[in-house]
Amino acid sequence: YVSAYPLPSGTFYVFARTWQDLTVARAGCVRTLSLLIPVTGWASAASLRSFFDLLKGDGLPSSAVSVDVVESVPEPLPPANDFSGEELLEAMFLEDAKPVALFDAADPELVAERLMTAMWPGLRARLALSTFALSPRKVEGRFFDLVFAPKDAKPRFSDWPGRRVDARAGRDSRHRWTGAIYSRVFMAPFPKLMGDREGSLIE
């Protein structure tokens, strides 16, 4: 699973992948590869694919190494099918901001990549996200903004202070912009929160 969160200093952003470690006899062990990315580079990247590619885990380093990342040209992303993301978007962008626990998403990593790619730089730089959690997660005392969890983990989120959203349960939209934002973020080849016309109005 993937985790993403800013360090308290505000200078670097952590983007990490965790695997089950099958090389040891003890059950439940994991390995994590973390990228420490200058927050300005992370926030302003037009595509996050280069960072995802660095986390493929083909031969994990035994010590810290420095890597020059060449920003990749944005490529179209597949649509997030079998995903009712309207309530998630409303909770994150159209209503009072609260942490969100998203249950039973079919492809958490694709949803996360699309969502982070679509975000404005300031939002992306502050986001704390994990594509797999069996219970609430915190960083520096605050709950992650978004965690993906399996359906059977719902009882562990009974005291969750934010929203609990079923990724497969469709419901009526509560805001006039919900459908348009959903199409742009989760279905369009190049995710973005606003269309060209709306974007030009705030520039």
Side-chain angles (χ1 to χ4, degrees), residues 1-8 13-35 48 52 55 57 77-119 123-175 178-179 181-182 185-187 191 193:
Y1 63 89
V2 167
S3 301
Y5 53 91
L7 290 180
Y13 194 91
V14 178
F15 190 48
R17 183 184 296 281
T18 300
W19 299 263
Q20 183 178 1
D21 190 350
L22 302 177
T23 66
V24 296
R26 182 179 176 183
C29 292
V30 298
R31 303 182 76 185
T32 297
L33 175 62
S34 298
L35 307 178
L48 302 180
F52 275 92
L55 292 182
L77 294 174
N81 295 318
D82 301 321
F83 174 57
S84 299
E86 291 88 349
E87 187 177 0
L88 170 64
L89 292 175
E90 291 174 345
M92 293 191 72
F93 303 115
L94 300 176
E95 298 173 356
D96 291 341
K98 295 180 180 179
V100 178
L102 183 67
F103 297 96
D104 202 26
D107 193 342
E109 194 163 310
L110 175 61
V111 172
E113 183 176 4
R114 281 185 152 274
L115 188 64
M116 291 189 294
T117 301
M119 280 183 168
L123 294 176
R124 191 191 296 169
R126 297 191 301 269
L127 181 72
L129 169 152
S130 176
T131 60
F132 180 77
L134 293 176
S135 61
R137 291 190 62 183
K138 290 183 176 182
V139 56
E140 287 296 309
R142 77 174 178 101
F143 287 98
F144 271 47
D145 301 294
L146 175 61
V147 293
F148 296 74
K151 183 166 57 176
D152 57 9
K154 280 186 178 181
R156 300 191 185 114
F157 286 82
S158 58
D159 296 328
W160 180 248
R163 298 275 290 270
R164 298 192 298 170
V165 176
D166 187 338
R168 296 178 186 266
R171 66 163 182 77
D172 293 336
S173 300
R174 291 201 288 250
H175 301 273
T178 301
I181 297 173
Y182 173 83
V185 173
F186 294 121
M187 303 303 292
L193 283 174

Has the side chain of R114 got a donor or acceptor atom that lies under 3.5 Å from a matching backbone atom of P78?
yes

Taking R168 for the side chain and D104 for the main chain, is one N or O donor matched with an acceptor at less than 3.5 Å?
yes

Check the angle between the aromatic planes of F144 and Y5 and answer parallel, tilted or perpendicular using the 30° and 60° thresholds.
tilted

Nearest-0.5 Å distance, [atom1] of residue [X] to [atom2] of residue [Y]:
| X | Y | atom1 | atom2 | answer |
| --- | --- | --- | --- | --- |
| L146 | R163 | CG | CZ | 12.5 Å |
| K154 | F103 | NZ | CZ | 6.5 Å |
| L94 | I181 | CG | CD1 | 4.5 Å |
| E87 | D166 | CD | CG | 8.5 Å |
| L48 | L115 | CG | CG | 10.5 Å |
| L102 | S84 | CG | OG | 10.0 Å |

Evaluate the side-chain proximity of [Y] to [X]: yes if any heavy-atom separation is below 4.5 Å, no if none is.
| X | Y | answer |
| --- | --- | --- |
| W19 | L33 | yes |
| P150 | F132 | yes |
| V185 | F93 | no |
| V14 | L7 | yes |
| R126 | M119 | no |
| R164 | V100 | no |
| R31 | V24 | no |

How far apart are the closest heavy atoms of [X] and [Y], and which atoms are they?
| X | Y | result |
| --- | --- | --- |
| P79 | L110 | O-CD2, 3.5 Å |
| F157 | A149 | CE1-CB, 3.9 Å |
| L77 | P191 | CD1-CG, 3.8 Å |
| A133 | V147 | CB-CB, 4.1 Å |
| R124 | Y13 | O-CE1, 3.5 Å |
| Y182 | F83 | OH-O, 2.7 Å |

Which residues share a side chain to side chain donor-acceptor pair (under 3.5 Å) with S135, sequence neighbours left out
none

For R142, check salt bridge (charged side-chain N to carboxylate O under 4.0 Å, His left out) against everything at least two apart and list the hits.
D145

Is the distance between the ring centroids of Y1 and F148 under 6.0 Å?
no

In terms of heavy-atom contacts, does CG of D159 have more than 12 from other residues, nucleotides or ligands at under 6.0 Å?
no

One pair to check against side chain to side chain donor-acceptor pair (under 3.5 Å): T178 and E90. What are the steps and the verdict?
CA-CA 7 Å; T178 301; E90 291 174 345; 2.7 Å; yes

